[in-house]
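One structure is given below, encoded as structure tokens.
Since the structure is predicted, the reported quantities are computational estimates derived from the model, not experimental observations.
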Amino acid sequence: MEYSPHCHSTQPVKNKLFVFCIMLSLWVYMLYCCVGYSSTSPSFMMEERSSRNPLRPLQKQDLEMFPKSQSRDLLNNESDADSKGDGWEENKGDVAYDEDSGVAGALNGSETKKLPQAIIIGVKKGGTRALLEFLRLHPDIRAVGAEPHFFDRNYEKGLEWYRELMPKTEEGQLTMEKTPSYFVTKEVPGRIHAMSKDTKLIVVVRDPVTRAISDYTQTRSKKPDIPSFESLTFRNITANLIDTSWSALQIGMYARHLEQWLQFFPMSQLLFVSGERLISDPAGEMARVQHFLGLRREVTHKHFHFNPAKGFPCLKRPESNSKPHCLGKTKGRTHPNIHPDVIQRLREFYKPFNKKFYHMTGHDFGWD
């Protein structure tokens, strides 16, 4: 047989190709096995992957893993921070709420939701948020943090809807809420009377001129391009005619609004709190409020610390050295400079309303 060098030279190449094919097949098989194993791996493998990817959207089951936060406030339904109950820098719960009594009531099942027996009905920018937080210091009061606006905006939802908004209370505790617009809404007195003719009503009032400027300042903080206070005050500035259709001025005509309430409630069921004294002497005003509500005097001067930087009293625990809880950034805004002639004209405008209000309430608030 004749020797062929070409035939022998191709044999090693074929052997290498065969080995390569076998190795490739083994690699594909191993890859297949790995993929199959991953698809049937236990759930902890998925959890490990999710921990490396924290930006995935939360699912319902994820939310159920976390305990629901305990809040005494309602769901936010207003753009105003005060309406949401956010007017304080710190969490009020640790100051105002007795955790031990709350837990005990929940364990023995004695807590129930009741319709409010007392309501802070006004007025806007009078000091209603401060009063509500002062009252929440009292162990016998449970109050909704945000403004329900049931009797003026949500009345068609019914009393059971309203009741569900209330915090749970034990026997002997008062349920309260505050919505400042109630005082100036003509349908509200009759609606509250229909719920309970024994409801106690609290109105925080303030110098109507200062209150109007504060109202305007709040609005301007949200809408900087609104007209000046002076231009909104007068219907005809040449004739010096006040525009009484402007709500910021309307609210301060307290006597006119009070007449609507006295058609349904006796004066003995209304308490008028001085917004000025709530700042200068909070303990004194709180003594009057607690007496009116039939409560023992628990909130005293020991609970207040005046903050000169803010110009408002802050809340504190008498038995602890914790930081006082103060009004938030939405409170105590700097008022714009209003022309003195405009201020004087407004004082003249409000004077007869103030005089009648003093006579109706039996109290001179000293605004004139």
Side-chain angles (χ1 to χ4, degrees), residues 82-83 118-128 131 147 149-153 155 177-195 197 199-219 229-237 239-278 292 338 342-368:
D82 188 58
S83 297
I119 303 175
I120 301 172
I121 59 174
V123 297
K124 181 183 179 184
K125 307 309 296 179
T128 58
L131 177 60
E147 298 169 6
H149 283 281
F150 172 67
F151 293 102
D152 59 349
R153 301 180 189 174
Y155 193 63
E177 70 116 318
K178 77 106 176 170
T179 304
S181 54
Y182 287 167
F183 186 63
V184 298
T185 306
K186 62 180 181 180
E187 296 86 4
V188 171
R191 290 173 176 178
I192 294 181
H193 187 271
M195 176 189 72
K197 60 183 178 60
T199 305
K200 292 187 176 183
L201 309 167
I202 301 176
V203 190
V204 187
V205 290
R206 181 183 182 188
D207 180 339
V209 177
T210 309
R211 196 222 65 82
I213 297 172
S214 181
D215 199 338
Y216 170 80
T217 303
Q218 182 185 49
T219 303
F229 180 87
E230 290 84 351
S231 62
L232 291 170
T233 296
F234 295 99
R235 181 177 297 174
N236 187 326
I237 195 168
N240 213 20
L241 185 63
I242 299 290
D243 187 357
T244 57
S245 66
W246 185 26
S247 63
L249 300 182
Q250 241 179 35
I251 292 173
M253 295 184 277
Y254 302 137
R256 181 174 295 179
H257 303 302
L258 180 55
E259 289 174 342
Q260 298 176 350
W261 289 89
L262 293 179
Q263 294 177 22
F264 294 90
F265 294 95
M267 186 63 77
S268 59
Q269 280 179 236
L270 289 104
L271 177 70
F272 295 89
V273 176
S274 167
E276 289 84 6
R277 280 180 52 83
L278 204 57
F292 173 72
I338 308 299
V342 176
I343 300 293
Q344 183 57 37
R345 177 67 186 93
L346 281 175
R347 296 217 173 277
E348 294 171 359
F349 168 76
Y350 279 120
K351 192 168 185 176
F353 292 101
N354 291 345
K355 185 177 180 180
K356 185 175 182 180
F357 184 64
Y358 297 164
H359 177 75
M360 295 172 76
T361 61
H363 183 77
D364 187 339
F365 289 89
W367 298 324
D368 300 314

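- Minimum interatomic distance between G127 and L278 (heavy atoms only, all atoms of both residues): O-CD2, 3.5 Å.
- Within the 4.5 Å cutoff, no side-chain heavy atoms of T128 are placed close to those of F183.
- Here the CG atom belonging to L201 is positioned 4.5 Å from the CD1 atom belonging to I121, to the nearest 0.5 angstrom.
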- [ ] Test Y216 against K125 for side chain to side chain contact (heavy atoms under 4.5 Å, CB included), laying out the working first.
- [x] CA-CA 10 Å; Y216 170 80; K125 307 309 296 179; over 6 Å; no

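- Salt bridge E147/K178: present, at least one basic N to carboxylate O contact under 4.0 Å.
- Annotation: side chain of E276 is not in contact with side chain of F365 (no heavy-atom distance under 4.5 Å).
- Expressed to the nearest 0.5 Å, how far CD1 of I242 lies from CG of N236 amounts to 11.0 Å.
- Counting only heavy atoms from C-beta outward, the side chains of D207 and R347 approach each other to under 4.5 Å.
- Distance CG/L232 to CG/L249: 8.5 Å, rounded to 0.5 Å.
- From L131, atom CG reaches atom CD1 of I120 across 4.0 Å, with rounding to the nearest 0.5 Å.
- Counting heavy atoms from C-beta outward, M267 and L262 have side chains that approach closer than 4.5 Å.
- The minimum heavy-atom distance between F292 and S268, with the atom names listed, is CE1-O, 3.6 Å.
- Listed by first and then second residue, the side-chain hydrogen bond (donor to acceptor under 3.5 Å, both in side chains) pairs that reach into residues 244-256 are D243-S245, sequence neighbours excluded.
- For D215, the salt bridge (charged side-chain N to carboxylate O under 4.0 Å, His left out) partners two or more places apart in sequence, or in a different chain, are K124, R211.
- Residues A212 and A248 share a closest heavy-atom pair of CB-O, 3.5 Å.
- Relative orientation of the F151 and Y182 rings is perpendicular, given thresholds of 30° and 60° on the angle between their planes.
- Within the 4.5 Å cutoff, the side chain of D152 has no heavy atoms near those of the E187 side chain.
- Aromatic ring pairs are classed by plane angle as parallel below 30°, tilted from 30° to 60° and perpendicular above 60°; the pair H193 and F265 is perpendicular.
- Looking at W261 and I192, their side chains come closer than 4.5 Å, going by heavy atoms from C-beta outward.
- Residues L258 and F357 form a side-chain contact, since some pair of their non-hydrogen atoms from C-beta on lies under 4.5 Å apart.
- Rounding to the nearest 0.5 angstrom, the gap separating the OH atom in Y350 from the CG atom in D368 is 12.0 Å.
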Open item on the list: For F150 and R191: C-alpha separation, side-chain torsions, deciding distance, then whether side chain to side chain contact (heavy atoms under 4.5 Å, CB included) applies.
Closed with: CA-CA 10 Å; F150 172 67; R191 290 173 176 178; over 6 Å; no

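- For the pair F234 and V342, the minimum side-chain heavy-atom distance is below 4.5 Å.
- For H363, the NE2 atom counts as densely surrounded, since its 6.0 Å shell holds more than 12 non-hydrogen atoms of other residues, nucleotides or ligands.
- Qualifying salt bridge (charged side-chain N to carboxylate O under 4.0 Å, His left out) partners for K351, counting only residues two or more places apart in sequence or in other chains: none.
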TODO: Begin with the C-alpha distance, continue with both residues' side-chain angles, and end with the deciding distance and a verdict on side chain to side chain contact (heavy atoms under 4.5 Å, CB included) for K356 and E259.
DONE: CA-CA 11 Å; K356 185 175 182 180; E259 289 174 342; 2.3 Å; yes

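- Here the OG1-CZ distance, from T219 to F229, works out to 11.0 Å after rounding to the nearest 0.5 Å.
- Judged purely by atom type and a 3.5 angstrom limit, Q260 has no side-chain atom pairing as donor or acceptor with the backbone of V188.
- Looking at every heavy atom in both residues, P189 comes nearest to F264 through CB-CD1, 3.7 Å.
- Across every non-hydrogen atom of G126 and V204, the tightest pair is O-CG1, 3.3 Å.
- A donor-acceptor contact shorter than 3.5 Å is absent between the side chain of S214 and the backbone of T210.
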